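Below, each value reflects all heavy atoms present in this structure, side chains not excepted, and no hydrogens, waters or symmetry copies. Model, not experiment: these values are computed from the prediction.
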Amino acid sequence: MNCQICSSRELVHVVSLGHHALPDVFLTPAEATGPFTVYPLDLYVCGQCWLAQIGYGVDPDLLFRDFVYTTESNPASKPHFGRLTTSLVQRFQLGSEDLAVDLASNDGTLLEQYDGRVRILGVDPSSATAGAIAKGVPTIVDFFTEATAKHILATCQPARVITTMNAFAHIKELDAFMGGVVTLLAEDGVFVSESHHLQNVITKMQYDLIHHEHLRFYSLRPLMVLFDRYGLEIFDVEETATQGGSLLVYAGRTGVRPISANVERLLAQETAAGLYSLDTYAAWATRLAQSKRRLMSLLYDLKSRGATIAGVGASAKGNTILNYCGIRPDLLDYITDGSELKQGKLAPGSLIPVTADQELLDRQPDYALVLTANLKDIIIGKLRGKGYGGRFIVAGEVPSTE
């Protein structure tokens, strides 16, 4: 097995989370009566470029063609993308004739926020694009590669801005994708990617981010190695609150833009956090096992005392928690979720029923297990406001009793 960025074979195994069903493939009760496929979920780190990555890449067609996640279902997305698009227009002096392309554009939520200030185009292979097309957002329904980029250039000028939000870590054919970026990008263009930050995965125990859609967990050093291969360089970087803490990375053609002091500052921060030391990952694996034991001990104790427990948020992240910890319907009565695409189905792997959010308010279980920790404040505030009177448990934040 080789590193997904530098091709080194110096991969160090960090931890195995077991075998998991695909995190966004929810089953009907009839489908759940038959066998389903599970895939190994193991985390590695490269001793050469320090990219953290999973060891097995699932066929992207299985993961993304029939995709139940929509961007607009995340209440934090629209305001975040509104601020970002305004910043991009102002900072890079974009005009009405300039082209802005969003890769993995989903339901077009980001592109909508440009609000007519630039020409827009989305590229995404998934069924979520139906929402974008219905809203009139120009969208190519396909995976993005160099061939896709050439197809776009046949009718459009090069892109002044290319964005990919919380999807850059999903790309299995990374060379084909990057080849497309450098083909489509204008000479003074900017490639902007936002991805969950490895530093938060390690320091905040965000193991729920590890699932088969997320092939890589970025820190700055491996991204610099990747972009350098394609004649690009990172000229600025920001830390954002998205997905529990992400990196917003700005890259352009080498030498075109001055390098912000933010780049060196973040490299120093990541070094101090131990991201470039194998000891950090060994210690993290130990803490991960402890976190699992604490959560399971709490759930078993509550159940033994007759408590009712429901899950909140049938997300891909939540399914990592359920399947790594081995949480099944005997511990979690049901999971509520706002997506009608998931309601009435069973969560992948755990086979816990998924119901509408109203179920929690109607049944008032003693405890609600929040399975989307990055949105915990929004979720808890919303449910309290609607009248849920039980207690909350946030997976990964159960206090230690050891």
Side-chain angles (χ1 to χ4, degrees), residues 15 17 20 23 69 73-77 166 196-211 214 217 240-246 284 286-305 307-329 331-339 342 347 349-350 352 354-355 357 359-361 363-402:
V15 71
L17 281 78
H20 291 227
Y69 174 79
S73 68
N74 182 337
S77 293
N166 194 38
H196 42 267
H197 190 188
L198 175 62
Q199 182 175 321
N200 293 305
V201 175
I202 298 301
T203 61
K204 298 180 181 179
M205 192 48 66
Q206 294 177 343
Y207 73 89
D208 56 338
L209 285 165
I210 304 173
H211 54 73
H214 292 167
F217 305 88
T240 70
T242 306
Q243 301 294 331
S246 296
W284 182 82
T286 298
R287 291 191 293 115
L288 174 62
Q290 293 169 344
S291 174
K292 172 181 176 177
R293 287 197 298 271
R294 289 196 298 269
L295 177 59
M296 295 304 288
S297 177
L298 173 62
L299 295 179
Y300 277 119
D301 179 61
L302 293 174
K303 274 295 187 180
S304 70
R305 292 190 275 119
T308 53
I309 312 172
V312 179
S315 63
K317 300 181 189 70
N319 288 325
T320 289
I321 295 168
L322 298 175
N323 290 309
Y324 169 60
C325 293
I327 299 172
R328 297 293 182 261
L331 288 178
L332 210 59
D333 302 335
Y334 54 90
I335 306 168
T336 67
D337 196 271
S339 171
K342 302 175 184 179
S350 67
I352 299 171
V354 180
T355 70
D357 288 338
E359 191 88 2
L360 190 81
L361 305 176
R363 295 174 64 174
Q364 293 287 326
D366 300 314
Y367 291 86
L369 176 64
V370 178
L371 294 169
T372 311
N374 62 298
L375 297 175
K376 64 179 181 179
D377 294 335
I378 294 174
I379 290 171
I380 292 172
K382 178 181 175 181
L383 291 175
R384 283 288 186 233
K386 290 187 173 183
Y388 173 62
R391 299 179 66 180
F392 288 98
I393 303 167
V394 179
E397 296 185 7
V398 178
S400 174
T401 57
E402 298 175 9

Practice task
Begin with the C-alpha distance, continue with both residues' side-chain angles, and end with the deciding distance and a verdict on side chain to side chain contact (heavy atoms under 4.5 Å, CB included) for L322 and I335.
Solution key: CA-CA 11 Å; L322 298 175; I335 306 168; 3.7 Å; yes

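- In terms of modelled atom types and a separation under 3.5 Å, the side chain of Q364 and the main chain of G387 share a donor-acceptor contact.
- Using modelled atom types and a 3.5 Å distance limit, the side chains of Q243 and K317 yield a donor-acceptor pair.
- The two residues L371 and G313 make their nearest non-hydrogen contact at CB-O, 3.4 Å.
- Rounding to the nearest 0.5 Å gives a distance of 8.5 Å between CZ of R391 and CG of L302.
- The backbone N or O of I202 sits less than 3.5 Å from a side-chain atom of R287, completing a donor-acceptor pair.
- Between atom CG of residue N319 and atom CD1 of residue I352 there is a gap of 8.5 Å, rounded to the nearest 0.5 Å.
- W284 contributes no side-chain N or O that, together with a main-chain N or O of V15, makes up a donor-acceptor pair within less than 3.5 Å.
- When atom types are taken as modelled, the side chain of S297 and the backbone of R294 share no donor-acceptor pair closer than 3.5 angstrom.
- Annotation: side chain of L288 is not in contact with side chain of K292 (no heavy-atom distance under 4.5 Å).
- Between the side chain of D357 and the backbone N or O of D337, at least one donor-acceptor pair lies under 3.5 Å.
- If you take CD1 on I327 and CG on L299, they are separated by 5.0 Å, rounding to the nearest 0.5 Å.
- A donor-acceptor pair under 3.5 Å is absent between the side-chain atoms of N323 and the main chain of H20, judged by distance alone.
- The number of heavy atoms from other shown groups lying within 6.0 Å of NZ (K382) does not exceed 12.
- Contact record, P329 with S350: CD-O, 3.5 Å, taken as the closest heavy-atom pair.
- The number of heavy-atom neighbours closer than 6.0 Å to CZ of R328, taken from other residues, nucleotides and ligands shown, is above 12.
- With rounding to the nearest 0.5 Å, the separation of CZ in R363 from OG1 in T308 is 8.0 Å.
- Across all their heavy atoms, L209 and H214 have their closest contact at O-ND1, 2.7 Å.
- Taking both residues in full, the closest heavy atoms of L361 and K386 are given as CD1-CB, 3.8 Å, listed atom of the first, atom of the second, then distance.
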Exercise for the section: Decide yes or no on side chain to side chain contact (heavy atoms under 4.5 Å, CB included) for L295 and I321, but give the supporting numbers first. Expected result: CA-CA 10 Å; L295 177 59; I321 295 168; 4.1 Å; yes

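- The salt bridge (charged side-chain N to carboxylate O under 4.0 Å, His left out) contacts involving residues 368-380 comprise K376-E397, where partners must be two or more places apart or lie in separate chains.
- Separating the CD1 atom in I378 from the CG atom in L383 is a distance of 11.5 Å, to the nearest 0.5 Å.
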Problem - H196/N166 under side chain to side chain contact (heavy atoms under 4.5 Å, CB included): CA gap, chis, key distance, verdict - result: CA-CA 7 Å; H196 42 267; N166 194 38; 3.9 Å; yes

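- Using modelled atom types, no side-chain atom of D366 and backbone atom of A307 make a donor-acceptor pair closer than 3.5 Å.
- Annotation: the span from C325 atom SG to L17 atom CG amounts to 9.0 Å, rounded to 0.5 Å.
- Without hydrogens or angle criteria, Y388 side chain to P365 main chain gives a donor-acceptor distance under 3.5 Å.
- In plain terms, the two heavy atoms of L360 and Y334 that are nearest each other are CA-OH, 4.1 Å.
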Exercise for the section: May I have the step-by-step check of side chain to side chain contact (heavy atoms under 4.5 Å, CB included) for M296 and L331, ending in yes or no? Expected result: CA-CA 9 Å; M296 295 304 288; L331 288 178; 3.6 Å; yes

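- For D208 (side chain) and G318 (main-chain N/O), no donor-acceptor pair under 3.5 Å exists by modelled atom type.
- When all heavy atoms are compared, the tightest approach of E359 to T336 is CB-CG2, 4.3 Å.
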